[in-house]
Protein chains: 2
Amino acid sequence: MLLILYIRRSIADFLKADQRKNERGAMKLPDDLQSEQAFTALLAALRMGKLRSSEFHTMPALAEALGFPVAATREAIKRAEAQSLVEVLPKRGFVIMSTGPETTRACMDMRAALEAEGVRRLLSAGRPALSHLRATHEALLDEARTHPGADLSRRALATDLSLHDFMAGGLDNIFLRQAYEANRNRITVIQNARAFLPDRVIPAMEEHLAIIDAIDSASAEASVIEIERHLRQTLRWWGISAVG
Amino acid sequence: MLLILYIRRSIADFLKADQRKNERGAMKLPDDLQSEQAFTALLAALRMGKLRSSEFHTMPALAEALGFPVAATREAIKRAEAQSLVEVLPKRGFVIMSTGPETTRACMDMRAALEAEGVRRLLSAGRPALSHLRATHEALLDEARTHPGADLSRRALATDLSLHDFMAGGLDNIFLRQAYEANRNRITVIQNARAFLPDRVIPAMEEHLAIIDAIDSASAEASVIEIERHLRQTLRWWGISAVG
DNA sequence: ACCTATCATGTAACATTTTACAAAGGATAG
DNA sequence: CTATCCTTTGTAAAATGTTACATGATAGGT
């Protein structure tokens with residue numbers, strides 16, 4: 001009798017706790033842990049170029065720079081290492097990922113492969129809306145040809161990203177998307193090392209428009225061909241051979 | 001916020017150290033760190049079913065089971081979380097990944113997508129040798145049809161894996177291979193939850209032989225079709241609809 | 001009026017997370 | 001080659017939060 005009462009009570013407590021958990025889960029912010037914050041801070045530092053490729057750093061220095069204790073910084077480093085963003089040198093420190101030819105080729109190749117898959121899925125699901133993407137690309141191309149503004153490169157990078165993210169948006173699979181996201185972080189580091197030079201804007205936008213046309217023609221094969229052409233041109237611009 | 005990073009060593013010093021590191025890098029990562037050992041132990045426990053899907057565990061308990069201190073175990077858990085092998089519940093413990101329909105579908109779908117890409121690359125590189133794979137598959141199929149042995153399921157799983165690994169072997173990209181490997185670990189957990197029943201052996205081997213035939217015909221399109229058919233049949237066998 | 005089930009509050013045990021410190025390994029300078 | 005300093009790595013303990021349980025109060029029914 002008493003036992004039954006205890007069990008009922010326990011279940012009620014659990015349900016109450018679970019409900020509270022769900023309420024907070026809906027708030028989409030379950031992470032106030034320091035290691036999480038340190039990791040996002042590390043990502044931000046990587047993204048805005050505060051930490052650049054092939055730099056050597058020590059853990060206390062990074063902790064000071066990020067404003068987190070060393071233990072949290074350590075966890076963040078370990079997590080970044082799992083995504084190949086940094087490489088820890090045992091008993092010495094760590095280096096930001098290199099952006100040598102092999103790494104750059106691998107990152108860009110992976111991006112192209114996943115985006116090709118994204119486009120295949122996009123097209124098998126229906127006819128995607130491309131008018132907005134095409135418009136922004138044509139506007140940027142026109143500006144680059146006639147009256148290039150001051151921060152053209154920055155906006156070109158944003159426009160570039162919009163198409164790539166659109167194609168990756170076809171990846172209706174949480175794990176494929178995770179893999180794409182991790183690769184996207186690596187590419188951020190690469191793009192901080194290899195600037196988007198103004199001379200590259202026009203050909204890049206032309207290649208992008210070719211991709212958009214191919215997607216608009218609803219041909220997955222044609223789209224993949226244009227994606228791969230864009231990959232080859234990007235690597236050629238950086239002086240990297242297309243094959244390992 | 002001003003972010004100041006101190007680079008303690010000169011570039012020349014770093015390069016010297018890096019060169020030495022590369023020399024040692026040929027020695028294939030001599031990792032005697034406890035956290036590495038704990039992670040591989042965790043992976044082994046997952047692989048041999050000592051830890052099963054959706055189980056709740058606490059860190060001290062796992063540390064005791066694995067024979068490592070809690071700190072190293074914690075690092076291993078964190079790393080496993082980054083690969084979606086476990087989910088940590090803050091301040092409570094962690095659960096092994098669920099093998100519900102969505103997760104199972106995502107893992108299998110990702111495997112099929114990456115293997116399809118692997119086959120495309122394999123075929124664009126040349127004519128792969130398939131005689132050994134075909135022989136082992138036909139032998140197993142023949143045994144399953146005529147005189148099934150005791151540990152047929154176990155050997156079927158191994159043969160199954162041999163083809164999947166062969167296709168993934170075409171992934172000549174370190175990051176794509178990394179993503180495949182992480183997904184492979186997740187599938188291990190799934191396969192411990194969803195047994196490879198004897199009745200599945202014959203149809204699975206037939207589907208595999210169809211894939212082998214398609215690859216042998218040097219047609220990437222035909223191969224992809226067979227890979228996707230195998231995916232659909234596997235999901236159907238587990239009672240999971242093919243679309244989310 | 002008494003008994004009982006439900007709810008609320010507080011407390012103790014337990015696990016994670018953080019902080020602090022000792023140990024071990026490697027690099028630098030003389 | 002050796003001594004010293006600096007860094008990572010490992011260990012322990014404090015702190016923070018969560019869960020389960022116990023006690024007491026309240027409302028409703030007999």
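Remember, it's a predicted structure, so these values are computed and weren't measured experimentally. Side-chain atoms are counted along with the backbone in the values below, which use heavy atoms only and exclude waters and symmetry mates.
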[X] vs [N]: side-chain N/O to OP1/OP2 distance below 4.0 Å:
| X | N | result |
| --- | --- | --- |
| B:R74 | C:dT17 | yes |
| A:R92 | C:dA27 | yes |
| A:T58 | D:dT8 | yes |

* To do: Check the surroundings of atom CD in B:E181: do more than 12 heavy atoms from other residues, nucleotides or ligands lie under 6.0 Å from it?
  => yes
If you count the non-hydrogen atoms of other residues, nucleotides and ligands that lie under 6.0 Å from CG in A:L157, is the total more than 12?
-> yes
**Item:** Pair B:R200, B:S153: side-chain N/O donor-acceptor within cut-off below 3.5 Å
**Value:** no
For the pair made of [atom1] in [X] and [atom2] in [N], what is the distance, rounded to whole Å?
| X | N | atom1 | atom2 | answer |
| --- | --- | --- | --- | --- |
| A:Q34 | D:dA14 | CD | P | 19 Å |
| A:H57 | D:dC6 | NE2 | C1' | 17 Å |
| A:L62 | D:dC6 | CG | P | 19 Å |
| A:E36 | C:dT17 | CD | C1' | 13 Å |
| A:L33 | D:dT16 | CG | P | 14 Å |
| A:F68 | C:dT17 | CZ | P | 16 Å |
| A:F94 | D:dT7 | CZ | P | 12 Å |
| A:E87 | D:dT8 | CD | P | 14 Å |

| Check: D:dT19 base within 3.5 Å donor-acceptor of B:K91 side chain | no
Among C:dT16, D:dT8, C:dT19, the one nearest any side-chain atom of A:A71 is C:dT19
Out of D:dT9, C:dT18, C:dT16, minimum distance to the side chain of A:P90 belongs to D:dT9
Exercise for review: Please assess A:I96 against A:H57 for the test side chain to side chain contact (heavy atoms under 4.5 Å, CB included), listing each intermediate value before the final yes or no.
Suggested key: CA-CA 8 Å; A:I96 314 296; A:H57 291 285; 4.3 Å; yes
- Message: Would A:E36 and A:R79 count as a salt bridge (Lys or Arg N to Asp or Glu O under 4.0 Å) here? Give the steps.
- Response: CA-CA 10 Å; A:E36 292 293 327; A:R79 196 159 143 190; 2.8 Å; yes
